[in-house]
Structure formats: structure tokens, C-alpha cells
Amino acid sequence: MILSVAVLVSHLAGTPVLSPYQPEPVELQRARQLMLSRPGECVALTNFFLQRKEIDPAKLVNSRQDFDHQEMAKHYRTREQSQAAWQIQALCQANEGLMLPADVSINRAITLAKKYRQPDTEAASLMIKAKLALAQQNPNLASTLLDDADEQLTNNSSRNLQEALHLLQASTLLHRHKTDEARLAFEKIRVQAQENNQPILQAWANYLLAEYYQLLQQDELALSHYVETLNLLGKRRQYYLKAMAAEKAANINAALGSGEQAIHYANLASSEFELLGNPNLLISSLLNLGRVTRTSSHDASLALVYFFNALDLAKNMADTDHIAQLYLEIGHSYRVLQIDAEARHYLTLARTSFERSQDVPRQIDALLQLGQLYMAQDENGLALLQFEQAQTLAEKLNDVPRLIECHRLLAELFELSDNPTQALAHHKAYHDYYARVSQLNRLLTQSLVQDSDQQLQQERELAGLRQANEQALHEKQRFTLLASSLGLILPLLLYGWLRNHARSRRLQQQNKELHHSLLTESRTGLPNWRQLMHRLPQEMAKSQLRSEQWYLNEAEAQPFNDKIYYLLLHVPFMVDLSERLGLMHATAIQKELGTYLNSRIHPEARLYDLREGQFIYVISQRQVNSLQQTITSLERMFAEFPSPFKLDQRLAIGIIGHPFLPKAPHALDDMRLGDILYLAMAAAHQIANQTGDKAWVELLAVDCQQAAFFHGDIRHCCIQAILKGLVKVNSSHKKQHIDWHALAPELVMSI
């Protein structure tokens, strides 16, 4: 609530209209600068300044007194400075959401202006008080205050005061739903500003015209004015106005389905709010950017990055309202990504927070998200509890949009649960509420556009109601006919459904068997390279997401400890088994080896047969107490394989962890990581050939960001990184004996 009030107060008439007195002490100059970015500090500065004693300006220029005027000015305040300080304090308190103290402060400024008979200063204070009235949805009081301000201004008054008065009067007309008069006033201000080369005033008129068109639900016209506002401001340091216009443009583009434009403007809004320096506004902007990104580009992973950035800011400020909203959006995003445990955790936190703060509408949203999560997990009973609780709360508030969503989801749930009676009841309630909202929207649009002709408005409303009644009767007849028809053809539909269901089950079983054969190595029965490549992108994406969350939430310097280890094994006896033993013995040994390995590997690990004697062993770092222990277990597993034939069981193992660069997880794709893994195994082969014994080599990037170092041929880059110490080498033997230059690929040059 504080944030919405702050936004409304600050932008009603552009740059705040203050007392025309210019020579200001440092405290008031700094307070002006912090008015939007850090209003709390602004209030503190004005309070500190107002503790000075007030002195008559005539005493500062009395030549009979011999004192240091500059030193005296540091300890006293003049009448004009006092009024400016009260004006600044009122606006800063309003931006903090402290409306009652703001009203007290501006009343002090008005009283001082009347006491010292300063009409321009009194007019400026009355305009600020009118802003406060508009922020509290009291346009009639604002109109009265602006009339009083107009009486104080003369032909000799400041031009800025007169322009600000006209802009505020037009805004007040819009709040009083005098839309035609407001549009004409905004257009007049915009044309005059264009003729007088006043781009900032023209930009404010354009922005408020866009709000006018948005109020009339003319989104395309509103969007064009928001974009024109941004073009007029260009690179000027009007961070607040540019951010507000960009955010509105982003939301309209998202509603119109222009995803790329929506993301562009949402990013622009966040950048401008960051330059402004107000953390509350930046959190709201990041929230909006995350929603637009998730909706428009369907990139819930990137949206999570924005939400977690905003969550860090909100936690630093102990902003419980924003923290609860972010929990809801993070849970929603995890639900989209089908990471159910995280989704349930954050959605439960959001529901509890909204319940504690008695924010019933958002509590309903959290319940609906939780219900959809349970429904996706086939936990229909839990989903029903969430939806019914949300419906009860929405009915207490008479919140029609949320009731529409409740009935839609309940209808879908009962359809999935094979309960057509309840599904039909909720479908009917859904359509009834939807028709009511549509009718209310039409009536609201008519009242906004035709408020000058009450009689015509009433006739149109009555005509609309009659048409809606006729439509409802027609729909009832159609529904009755449809229900009767369904009753007659239901047996045929049931027979067709059962037949198709049996055929579908048979085809699914055949497809499942074919899919299994494609993803399994026929000789050993182990998963093959197709299954590895099918699973690898999803596995890498989840690992990259965990790495990004670790990097964003890193409170202290701790290494990333949630890798996935990939161990590439070369088993010598599998290379030429058919040639040495014959096809029949080789086939039997391969089958026995596959069954044996399946029974010996870690229950949370996976083993893939890549043929040609190569296997890939994949295991999470969470399941590995000691990498050396895991390697020893693999070597023992192959050494203990029972066979009547003499087999060469000296393994050569290459090892890497993913993400290879935890702070830049997207720098290397699966092909480049595979090259690094094969480089590690080549080094292990080199050691095995030198020693005649089994060997292993692990490549591990040091904990720093060196993504740029790996651009180019990955094998050459990795060898250079090893030689420069950017990649650490662990080995079963002395790693100094590895000739890395010999492992670099040599190009054959042709003349």
C-alpha cells in the first residue's frame, strides 16, 4: 500500500512544485535529490534543518552588526527556507506513505505563507496539498484547493507554477471522470509545450494522456503515447517518468501478445528504477519484469533470476509485503518448471505470509497456485481442498475475477476426477460470473465515455441488460437441447471411448517397448548414448539453475558443492572381445557384464554403455563422500567381474564435474564439456601406457570466473588453462608425467 501511494503522489504533476525561493542550504538541496530515491532520509534531513532557529531576513543584511553572515546562515533558517523545508518534507512523507504527517507538514507551509503574505509560495503549497488529496482519492477537495491556488497566482507569478497548476487541474478532471474535458486540457498543454520547446512538460502531458486512453480501455492509443513519452525524454535524467512509462508500455505489450516488446520495455523500466535509487520501486519493477519474462518468453528460469534478485533487496529492507509476493511468484515459476518440491515450499511460504498479513486476495492466489500444483501431481484431494478454500474466501470478498478462476479450476479438476455433474455445475457458475463481469465492463466503459449525458447512459444500460437477459435465455435453451442430445448419444460415445482407450493402451505399450529398445544397448542391456543425449540437456539445465541460485544467494565465500560427476571409463577387454573369444562367448560375457554392473553400481548413479569399450558413470556430488572412494569402487567392480577367460581389466578413467565453471555455467555446452572429458581420459591413457597400470585423471576448474578463457577450440583452450593453472589436475599417478602438448590436436596444413 505504501508503494502505490508513493507512486501516485509523485507523478501527478511531474516535477514537484516547490516554493520559488532558490538559494538553499546543503541539507535542503540533498533532501530534494532524495525525494524519490530515499524519501525516509529526505524526511530526516528536513527534520534536522527545521531544528534551526528562524531569523528575520532583514537581520542578515543589517550593516550595523559585525558578524560572519556565512557562519550565521549555517545555524539559522529564513522564512523562505522554512516554507521550502515544510513543502519538501510533505512530499517525502507522502512518498513514504505517511499521508497524515504529510498533510500536517503542508498545512504548516500554507500557514507560514499566509502569515508572511507570500501568494506564490501559498499557491505552491496548495498545489502540493491537492496532490495529497488526489492520492487519497478525493478529487473534489483537490479541485477546491486548486481553485484557491489559482486565485493566488498573478501575471507576474512563476511560469513553472502556472504550468504545474494547469497539469494538476487536468489530472483532477480525469479523476472526476470528466474525460472529455481532461483530454482537451492535456492536448492543450502538450501543444503549448511543443511550441515552447519544453520536452519534459510535453512528456508529462503525453504520459497523462496515455493514462486517459488506458482508462477508456484503448490500449493501442495508450501504448503509442507511452512510447512517445520515452522518445521525448531520450537520454535525459528523468528516471522516474521514463521508468513509469516503460513499465506501462511493457504491461500493455504483454496484454497484446507482443512478447519481445514487453520484455524490452520491462528491462528498460528496471534499469531506470535502478538509476533512480529507490529500492521499493526497483523491487516492484523486478517483480513485473519476472512476470513479463515468464509470460511472454515462457522462460521461467530467467524469471527466477529476477525474482531472486528482488527477494535479496526485499529481505535487506525487511519488506514483508514484497517478500510474500516474491514467494508467490517464485513458487509459480518453479511450478511452471515442474520442480515440484521447490514450488510447494515457496507457495506454502506465500500462503502463510498472506494469511498472517490478512491479505486475502493474494492468499486466494497462493491457494489457487497450490491447487494447480497438486492437480499436476494427481493429488486431486489436496487440490480440491485448496480450490474450495480459495472459493470460500473469494465469495466473502465478492471478488468476481478470482471466483471465475476458482470455478474454472474446479470444473477442470472434476473433469479429471470423472465427476461430470460437479464439473458441469462449476462450468455454469464460471460462465455466469464471466457474463456478469463482461456486462459490468461494458457499463463502466459507457459511464466513463458518456458521463455528460446521463439519460442516454441509462437507456443504453437498460438496452444492454435486456440483451443480456435474452442471451441468457437463449443459452439456457441451447444448454437444455445439448443435454438431451448427450443423453441419447452417450452409449455410443461410451462404446467408442472404450474401444479407442483399449487401442491407445496397446499402441502406448508398443511405443514404450520401441522407446526402451532405442535407448538401451542391446549387447549389455545398459542405457546407451541415445539415452545419455536425451537426458543430458535437462540434467545440465537443472545443474546450471542450481549454480545460478548458488551464485546469486552466496552470502559468504563457499565453494559450489552441488555438481554432477561424469566419469568416462575405458575398459580394455571390451574393445576386441569378439575377435579374441568368438561371437558366442563375447555375447555371453557382454550380457553377464551388463547384469553384473546393474547390480553393483550406486542406487543413485547411472551407467551408460557407449560401445568400443567406453562407459560413462554419472553420479551427483551429494552422493559422493570421497571421489577417490568412488573410483576405487569402480575399479574393484570391474576387477571382481567373474569370467572363465583372462580379461584385461586395467581401467583408464577421465573425470570432470558439471557445471565445470560454477560462476559461468552457460559458458560451456554439452559438446565442449564432452571434449574436456575425453581430454581427461586421454591423459589417463597416457599414464596407463607409461605405467602399465590402471589410471585416472580429474580436471577441475579453479573457483574464479574464466569463461572468456575457454572461447575457441576447447581442447587447445583447456590445455592452455591447465598449463596456466586455471584448471587443476588430480591423478592417480604423478601428474607431472602427463605430456599435455602431446595431447593437443595437430592440424594437417595443405599447400
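Index from 1, following the sequence. Just so you know, these numbers use all the heavy atoms, side chains as well, and skip hydrogens, waters and symmetry mates.
In this structure, Arg402 and Asp365 have side chains that are in contact, with non-hydrogen atoms separated by less than 4.5 Å. Within the 4.5 Å cutoff, the side chain of Leu141 has heavy atoms near those of the Leu145 side chain. Between Ile364 and Gln389, every side-chain heavy-atom pair lies at or beyond the 4.5 Å cut-off. Side-chain contact check for Glu163 versus Gln198: some heavy-atom pair is nearer than 4.5 Å. The shortest distance between side-chain heavy atoms of Gln89 and Gln93 falls below 4.5 Å. Side-chain contact between Tyr212 and Leu216 is present, with at least one heavy-atom pair separated by less than 4.5 Å. Annotation: side chain of Ile330 is in contact with side chain of Tyr334 (closest heavy-atom distance under 4.5 Å). Residues Ile106 and Leu91 fail the side-chain proximity criterion, which asks for heavy atoms closer than 4.5 Å.
The distance from the CG atom of Leu45 to the CZ atom of Arg30 is 7.5 Å, given to the nearest 0.5 Å. One distance of note links CG of Leu287 with CG of Leu326; it measures 4.5 Å at 0.5 Å rounding. Distance check: Gln87 CD to Met127 CE gives 9.5 Å after rounding to the nearest 0.5 Å. In this structure, Leu286 CG and Leu311 CG are separated by 11.0 Å, a value rounded to the nearest 0.5 Å. Rounded to the nearest 0.5 Å, atoms CD1 (Ile88) and CD (Gln81) are 10.5 Å apart. Note that CG of Leu268 and CD1 of Ile263 are 13.5 Å apart. Values are rounded to the nearest 0.5 Å.
Arg190 and Glu228 are joined by a salt bridge, as a carboxylate oxygen and a charged side-chain nitrogen come within less than 4.0 angstrom of each other. Under a 4.0 Å N-O distance rule, the pair Glu329/Arg294 qualifies as a salt bridge. Between Lys248 and Asp219 there is no salt bridge, since no side-chain N of the basic residue sits under 4.0 Å from a carboxylate O of the acidic one. Salt-bridge check for Asp312 with Lys315: failed, with every basic side-chain N at 4.0 Å or more from each acidic carboxylate O.
Enclosure of atom CZ in Arg183 by more than 12 non-hydrogen atoms of other residues, nucleotides or ligands within 6.0 angstrom is indicated. When the shell of 6.0 Å around OH of Tyr116 is examined, it contains more than 12 heavy atoms from other residues, nucleotides or ligands.
Between the side chain of Ser224 and the main chain of Leu221, a donor-acceptor pair closer than 3.5 Å is present. The backbone N or O of Cys42 lies less than 3.5 Å from a partner atom in the side chain of Thr46, making a donor-acceptor pair. A donor-acceptor pair is defined here as one N or O able to donate and one able to accept, closer than 3.5 Å; no such pair exists between the side chain of Lys131 and the backbone of Ala94. Side-chain atoms of Ser143 never come within 3.5 Å of backbone atoms of Pro139 as a donor-acceptor pair (strictly under, hydrogens ignored). Counting only distance, with no hydrogens or angles, the side chain of Asn107 and the backbone of Asp103 share a donor-acceptor pair below 3.5 Å. A donor-acceptor pair under 3.5 Å links the side-chain atoms of Asn253 to the main chain of Ala249, judged by distance alone. Of the possible donor and acceptor atoms, one in the side chain of Arg236 sits under 3.5 Å from a partner among the backbone N and O of Leu232.
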### Query
Given the rule in the side-chain contact (heavy atoms from CB on, under 4.5 Å) test, do Leu208 and Ser171 qualify, once you have shown the distances and angles that lead to the verdict?
CA-CA 7 Å; Leu208 293 169; Ser171 297; 3.5 Å; yes
### Task
Could you walk me through whether Asn280 and Met317 pass side-chain contact (heavy atoms from CB on, under 4.5 Å), step by step?
CA-CA 9 Å; Asn280 270 328; Met317 297 180 62; 3.7 Å; yes
### Full working for side-chain contact (heavy atoms from CB on, under 4.5 Å) between Leu100 and Leu98
CA-CA 6 Å; Leu100 290 177; Leu98 307 172; over 6 Å; no
Donor-acceptor list for residues 345-355 side chains, cut-off 3.5 Å, not counting sequence neighbours:
residue	atom	partner	partner atom	Å
Thr348	OG1	Arg344	O	2.7
Thr352	OG1	Thr348	O	2.9
Ser353	OG	Leu349	O	2.9

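With sequence neighbours left out, Leu153 forms a side chain to side chain contact (heavy atoms under 4.5 Å, CB included) with Asp120, Ala123, Ser157, Leu161, Gln162, Leu165. Listed by chain and number, the residues in a side-chain hydrogen bond (donor to acceptor under 3.5 Å, both in side chains) with Ser82 are Glu54, Arg77 (sequence neighbours excluded). Residues forming a side-chain hydrogen bond (donor to acceptor under 3.5 Å, both in side chains) with Asn267 (at least two apart in sequence, or on another chain): none. Partners of Tyr327 according to the side-chain hydrogen bond (donor to acceptor under 3.5 Å, both in side chains) rule, which considers only residues two or more places apart in sequence or in another chain, do not exist here. Applying the side-chain hydrogen bond (donor to acceptor under 3.5 Å, both in side chains) rule to Glu405 yields the partners Arg408; only residues at least two apart in sequence or on another chain are considered.
Of all heavy-atom pairs spanning Phe49 and Ala85, the tightest one is CD2-CB, 3.8 Å. For the pair Ile110 and Ser125, the tightest heavy-atom approach, listed with the atom from each and the gap, is CG1-CB, 3.5 Å. Between Phe307 and Ser333, the shortest heavy-atom distance links the atoms CE1-OG, 3.3 Å. Taking both residues in full, the closest heavy atoms of Leu328 and Ala366 are given as CD1-CA, 3.6 Å, listed atom of the first, atom of the second, then distance.
Ring to ring, His225 and Tyr213 are close: their centroids are under 6.0 angstrom apart. Taking the six-membered ring for Trp, Phe273 and Tyr239 have ring centres at least 6.0 Å apart.
For the 3.5 Å distance criterion, the side chains of Asn251 and Glu247 fail to qualify, holding no donor opposite an acceptor.
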